Amino acid sequence: TEVGSAFHSWGALYENTRLPAVNVLSKDVTYICPFVGALRGILTVTNYRLFFRCINREPAFLLDLPLGVISKVDKIGGASSRGDVSYGLVCKDMRNLRFVYKPPEDSLQKSAFDVLTKFAFPNSNNLPLFAFEYDQVFPENGWKVYDALAEYKRQGLPNESWRISKVNDHYELCDSYPASLVVPVTITDEELRRVAAFRAKGRIPVLSWIHPESQAAVVRSSQPMSGVSGKRCKEDEKLLQAIMDANAQSHKLFIFDARPSVNAAANKMKGGGCESEDAYQNAELVFLDIHNIHVMRESLRKLREVVYPNIEDSHWLSNLESTHWLEHIKLILAGALRMADKVESGRTSVVVHCSDGWDRTAQLTSLTMIMLDAHYRTVTGFQTLIDKEWVSFGHRFQQRVGHGDQNHTDADRSPIFLQFIDCVWQMTQQFPAAFEFNEYFLITVLDHLYSCLFGTFLCNSEQQRVREELSKRTVSLWSLVNSQLEEFVNPLYVHYSSHVLLPSVSIRHLQLWLTYYIRWNPRMRPQEPVHQRYKELLAKRAELQKRVEELQRDVANRASVSSERAGSPTRSITPVQTFV
Amino acid sequence: MLSLGSGGAKSTKPSFVSYVTPEEIKSEKEPQKKERHPNLLPGEVVFCSTNPILKYTQDDISQRGIFGTLLCTNFRVSFISDETPQEEPTQHFKNKLYGENDIPLMCVDCLYGVYDEKKKLITGGMLKNKYPSKMIIHCKDLRVFQFCLTFTKEEEAKKIFQGIVHHCLEPKSLKCVFAFSYANTKGPEMQRTQRTLMFDSQEDWSQEMKRTKGNCRIVTENQNFELSERLPKYFIIPAAVSDDDLSKFPGKGLPIWCWSHHSGCALFKASSLPVTQEDGVAQAWMERMLHAVAQTHLYSVKIEDLLETLPNIQDIQQSYTKFKQFFLIDNSTDFWMSDVKWFSSLENTGWLDIIRQCLQKAVEVVECLEKENTNVLITEEEGSDLCCVISSLVQIMMDPHCRTLTGFQNLVQKEWVAGCHAFLDRCNHLHQKDKECQSPVFLLFLECVWQLVQQHSPAFQFSETYLTVLSDSIHVPAFGTFLFNSAFQRESCLKATLQHSQRGPLSWPAVWDWSMQFDCKAQELFINPLYAEKLKQEKVLRKVPRIKHQRQLSLPSSAFKTPPKKGFFKDEAESLKKMLRVKRFSRWMVPPDSPAVATRQFYEAWQQKPLDYHGLLLPCLDGPAMRLWMQRYLRWTPEAQILGGGSVAITSKLAELLGEVRALQRELAQKGWWDSMGEGHHRPQTMSLALVRTSLRLSSYFPFAASRNWSFKPVIPTGLLQSLMVTDKLASQEDETNEVISLV
């Protein structure tokens with residue numbers, strides 16, 4: 001009903017949250033809403049959230065957002081004749097909020113904004129993230145969703161060609177990789193160590209996914225450190241050959257370098273580079289032309305300018321185009337599509353890397369896996385995928401999101417994971433029955449990417465997570481999701497077990513995700529999605545089924561007692577609505 | 001921009017590969033040269049035919065083709081493959097009148113010839129003697145056909161080329177349109193759709209007025225078109241118009257009733273009367289007309305000259321000409337080239353903006369009727385173009401009946417067909433050289449409806465597929481519905497042919513008789529499974545909210561309602577007169593920017609209320625809400641297909657569930673406790689389980705292009721590098737700027 005965060009509308013999620021330790025309230029705060037106008041109300045700030053309430057309005061206006069969403073707090077002015085101070089909050093979820101507040105005479109009394117500036121950036125203020133204080137107990141334990149060995153077992157691993165290596169058990173080979181790695185059986189741990197020295201950050205080529213029939217594999221790594229001189233590493237060459245050999249159906253290997261070739265070449269100057277086709281026999285190198293984290297950050301910044309708060313209606317399309325956001329999405333999807341095609345139709349194994357192999361590489365492997373394996377389109381399968389390809393393989397969530405950090409200009413921040421979720425959303429739009437989860441699930445994932453309520457997206461690597469004991473000290477986002485699954489399930493889902501999704505990557509089919517990026521604009525709010533109607537139908541069906549059963553029971557009972565009189569049928573049950 | 005050259009400029013284009021070499025054709029095909037004919041329709045005559053012609057298969061980048069016979073009849077250009085046709089088991093959606101390799105003559109949009117690798121637009125009369133090596137036909141339903149003439153004997157090629165040019169491009173007379181021979185053969189006993197009101201009888205009009213509780217009067221004086229040839233035989237005007245005034249200016253400026261709101265106020269449309277300041281008689285007459293409109297309800301009226309704020313028919317035509325180019329794709333290279341600047345290209349055509357402007361205008365009118373209960377008179381030069389668009393849209397937004405299939409057809413029949421929209425000129429069915437009159441106004445209306453359908457799907461009984469098929473049917477010359485400029489023209493044609501014909505009166509089939517084009521199963525796809533049907537009980541509960549004001553037709557001037565909004569008719573007679581002195585009615589409207597703001601507020605207020613699919617429906621007009629009608633525009637483009645995807649998955653799933661629910665209901669009914677099932681069960685059955693099972697093998701543009709054999713290969717874009725030239729320094733920056741690892 002009211003403009004505000006998506007968080008409040010799921011009130012139920014947080015209602016039974018333990019009352020936070022800090023709770024400061026400021027009266028007479030004005031929220032300058034770009035859609036409704038100035039609203040006066042009460043602002044409450046806790047160590048987790050900001051809560052603004054405007055009561056003298058029908059319906060009441062609420063704003064409820066976790067402090068983690070805030071990337072920057074601007075104190076503007078203060079020189080106004082009335083002594084008003086204005087605060088601008090730049091948020092990670094596309095919003096900018098603006099408050100005007102008249103500080104009390106008593107300067108000793110803390111205002112809500114003072115608390116806000118401190119608790120919005122706990123890391124910069126030597127405070128713990130709220131996730132470490134959140135102790136909600138859910139019926140489901142989300143930390144149990146992903147178990148590396150179980151997932152590999154599901155894929156049929158280890159097998160005669162692939163083994164699970166313990167070489168990184170203590171994160172000594174590579175501190176940003178998980179403990180369990182799947183590598184070809186023919187390569188020894190010693191050889192892996194030499195490969196690690198040749199690959200950036202020690203991120204050696206390891207298996208992400210294997211085709212159940214053709215045995216073609218999706219393998220991920222970082223760039224080779226070949227440098228200007230074109231250094232070679234015979235163990236690395238052997239490893240790639242072994243990857244090719246592990247798949248008897250093909251005598252070729254595709255190496256996808258996610259970067260534009262210019263960038264790959266430029267990396268040689270810094271010791272990096274890409275595989276030369278001379279050194280790697282039977283391998284074909286393909287560049288996917290996906291740009292780096294800085295280009296993506298800039299693109300999202302432009303997108304925010306175009307969508308928030310106001311949209312220039314008559315130039316909407318050209319403005320959207322000028323952000324290049326959808327073109328980046330197109331390139332990422334196109335890259336994944338090419339990989340999926342090689343694996344599925346070409347029955348060829350693919351190796352993918354970018355520079356470090358934790359941003360573009362994670363996007364590409366996970367999207368390819370969604371296209372190829374229907375399991376990852378289920379709710380738990382998708383959770384597994386995120387836990388595996390993103391969390392355990394060291395996507396630097398802490399750096400990319402900047403949890404609790406006030407350095408909002410940090411060049412390491414980039415919406416890489418958001419882009420991935422956007423790509424998944426694009427696929428759900430093209431294949432509305434192929435995903436078990438709904439749009440609300442994807443939005444929830446993104447909201448909690450920033451909220452710092454759950455431990456799922458904290459830290460940069462598995463090693464750090466183990467050290468921080470996240471699974472003990474924090475709650476997993478999947479605990480929440482799996483405890484109220486019905487909220488997140490797509491009622492249109494049809495499970496086709498071996499259905500490969502080949503999305504269209506033409507820009508004609510890519511849309512801006514309005515219900516995420518423009519959700520703060522009240523006019524853009526969908527009135528009733530298809531799902532709603534479908535749920536009604538499901539309910540109707542259940543109701544009717546129940547009635548049929550009841551009646552059958554009735555009939556049976558009556559038949560057994562019926563000797564006396566054939567009385568008129570009871571009309572006690574209200575007639576069913578004819579229409580659905 | 002699209003490259004129009006089909007080869008000349010670019011060497012990247014794949015070279016031609018055919019299944020057979022030309023030599024093989026000569027030896028193989030010559031002896032058993034048989035020209036196959038399609039199953040001709042009654043009245044259809046073959047003009048010329050040629051074999052062999054190579055048709056390029058569009059969905060293959062290697063530019064291969066199939067050999068066959070190309071022929072031109074009085075109905076279509078048709079290609080028949082030499083190969084034995086494979087029966088498609090899962091063809092759900094076959095048009096009975098023309099197949100996927102047939103182009104109804106009216107459907108031909110442009111003809112291109114490739115001469116020495118250069119693609120040239122063929123216009124009637126020129127280039128006739130020299131036939132091209134390749135002929136490209138762009139259709140009005142966005143299909144593209146490419147025929148190669150180089151394997152054909154010179155004379156044959158020339159003959160077929162000239163034949164097609166002649167029948168598709170040269171001006172022709174109305175009597176030569178296929179509908180005339182078709183109707184003749186069918187005879188008078190032809191079934192007329194009972195459900196759709198034709199609005200060619202007094203009863204239809206009075207029924208409509210009764211339905212909307214209007215209080216105007218039916219004019220019967222135009223039965224023989226004595227009043228005007230641009231007005232229907234019967235029409236409705238404000239009750240207060242006197243008989244004298246009715247015939248004063250033949251047909252011009254007369255406020256024609258469109259629809260009555262439940263409050264009593266009504267929507268009228270009028271052609272404009274060219275008034276000069278000095279013409280006192282005309283001014284006084286117009287003043288009386290306005291008074292008559294105002295008297296319909298509470299003595300208030302708003303006048304809206306649509307041409308003041310909306311683009312004219314030439315603007316619409318120009319915009320659409322640019323727009324459609326982006327969908328008439330000759331090859332894969334063009335497709336990916338145009339993918340690069342796709343959004344700005346679309347925007348530059350202005351087509352989506354015109355759609356928005358029309359919807360915006362309609363919302364403004366709705367606001368007057370709904371919020372202010374003011375009578376509205378919309379005017380325009382002819383009163384049968386944008387007036388039809390706006391009045392129909394207003395009715396769709398306000399009247400749930402118009403959102404049912406029958407109600408919608410009634411509406412089109414009422415506002416457009418009986419309302420004398422000049423279909424013949426606007427569609428240029430006769431290929432007139434003077435293209436001034438050509439303009440896709442009706443298509444524009446369908447586009448606006450589509451926007452509403454996609455925003456509020458459950459409010460509509462018909463589906464997007466229905467709208468797409470309707471837009472195609474404009475160019476099928478078998479029907480009388482979209483063939484004439486006016487009811488008068490239709491009648492005259494009828495009379496003229498009656499004199500020559502021994503078979504009795506002509507009767508052109510109406511497009512609404514869908515069984516002529518599609519079988520029952522295919523027609524199921526016209527029904528939206530998401531339609532939230534109105535419950536009987538609800539009807540009783542939902543009493544029409546009555547406005548407090550009593551309806552008085554002639555209030556004393558002191559009791560005139562003072563409409564609060566600027567730009568509204570002020571109560572005093574003085575201001576009414578003042579207004580009339582303004583050249584061509586309006587222009588005193590609100591400043592250019594504010595209508596958008598006002599309608600935005602109106603929309604927001606409406607949006608806050610609980611959504612009622614059987615109540616008022618408003619479109620969101622913000623930029624991102626205006627969408628491209630993908631099904632209509634991209635359905636034939638192989639590169640744009642999503643294999644195994646698209647809305648067919650939803651549709652089939654819903655249909656399956658609906659089927660289950662109905663089966664359960666039947667089961668309950670059979671148990672005997674409920675006899676209340678009965679009525680309302682005649683809703684057409686929707687697609688069943690079969691569709692669910694096959695949906696994986698269908699493309700996103702189901703049911704169109706379904707019979708094609710899509711290769712289940714992903715469409716990998718070419719030329720991605722061009723697509724994104726990020727030139728700023730960010731692109732070359734290192735991913736990791738620092739190595740500081742911050743722990744939580």
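Side-chain atoms are counted along with the backbone in the values below, which use heavy atoms only and exclude waters and symmetry mates. To find a chain, count down the sequence lines: A is the first, B the second, and so on, and within it residues start at 1. Keep in mind it's a predicted model, so treat the numbers as computed, not measured.
Legend: residues meeting salt bridge (Lys or Arg N to Asp or Glu O under 4.0 Å) with Arg465(A), ordered by chain and number and at least two apart, are absent. Glu660(B) is linked by a salt bridge (Lys or Arg N to Asp or Glu O under 4.0 Å) to Arg541(A), counting only residues two or more places apart in sequence or in another chain. Listed by chain and residue number, Cys174(A), Arg203(A), Trp358(A) satisfy the side-chain contact (heavy atoms from CB on, under 4.5 Å) test with Ser176(A) (two or more places apart in sequence, or in another chain).
The CD atom of Glu549(A) sits 9.5 Å away from the CG atom of Leu664(B) when rounded to the nearest 0.5 Å. A distance of 11.5 Å separates CD of Gln429(A) from OG of Ser647(B), quoted to the nearest 0.5 Å. Residue Leu510(A) holds its CG atom at 7.0 Å from CZ of Phe343(B), rounded to the nearest 0.5 Å. Rounded to the nearest 0.5 angstrom, Arg356(B) CZ and Trp316(A) CH2 are separated by 11.5 Å. Summarising the geometry, atom CD belonging to Gln607(B) is positioned 9.0 Å from atom CE belonging to Met524(A); distances are rounded to the nearest 0.5 Å. With rounding to the nearest 0.5 angstrom, the CZ atom of Arg627(B) is 5.0 Å from the CG atom of Leu514(A).
Side-chain contact annotation: Asp353(B) with Ser314(A), donor-acceptor N/O pair under 3.5 Å absent. With 3.5 Å as the limit, one finds a donor-acceptor pair spanning the side chains of Arg508(A) and Ser338(B).
Proximity to chain B (any heavy atom under 4.5 Å) is restricted, for Tyr493(A), to the backbone atoms N, CA, C and O. Only the backbone of Pro491(A) comes within contact range of chain B, with heavy atoms under 4.5 Å apart. The part of Gln511(A) that comes within reach of chain B is its side chain, from C-beta onward, which places non-hydrogen atoms under 4.5 angstrom from that chain. Contacts between Leu501(A) and chain B at a heavy-atom distance below 4.5 Å are absent for every atom of the residue.
Shortest non-hydrogen contact noted between Val505(A) and Trp336(B) is CG2-CH2, 4.2 Å.
The shortest side-chain heavy-atom distance between Gln665(B) and Arg547(A) does not fall under the 4.5 Å cut-off.
For the set Ser504(A), Ala433(A), Ser506(A), the entry with the most heavy-atom pairs within less than 4.5 Å of chain B is Ser506(A).
Side chain of Glu347(B) to main chain of Leu317(A): a donor-acceptor pair is present (N/O by atom type, distance under 3.5 Å, no hydrogens or angles). Checking side-chain atoms of His509(A) against main-chain N and O of Ile642(B) turns up no donor-acceptor pair under 3.5 Å.
Contact annotation for residues 617-624 of chain B against chain A (heavy-atom separation below 4.5 Å, listed by residue number): Cys620(B), Leu621(B), Asp622(B), Gly623(B), Pro624(B).
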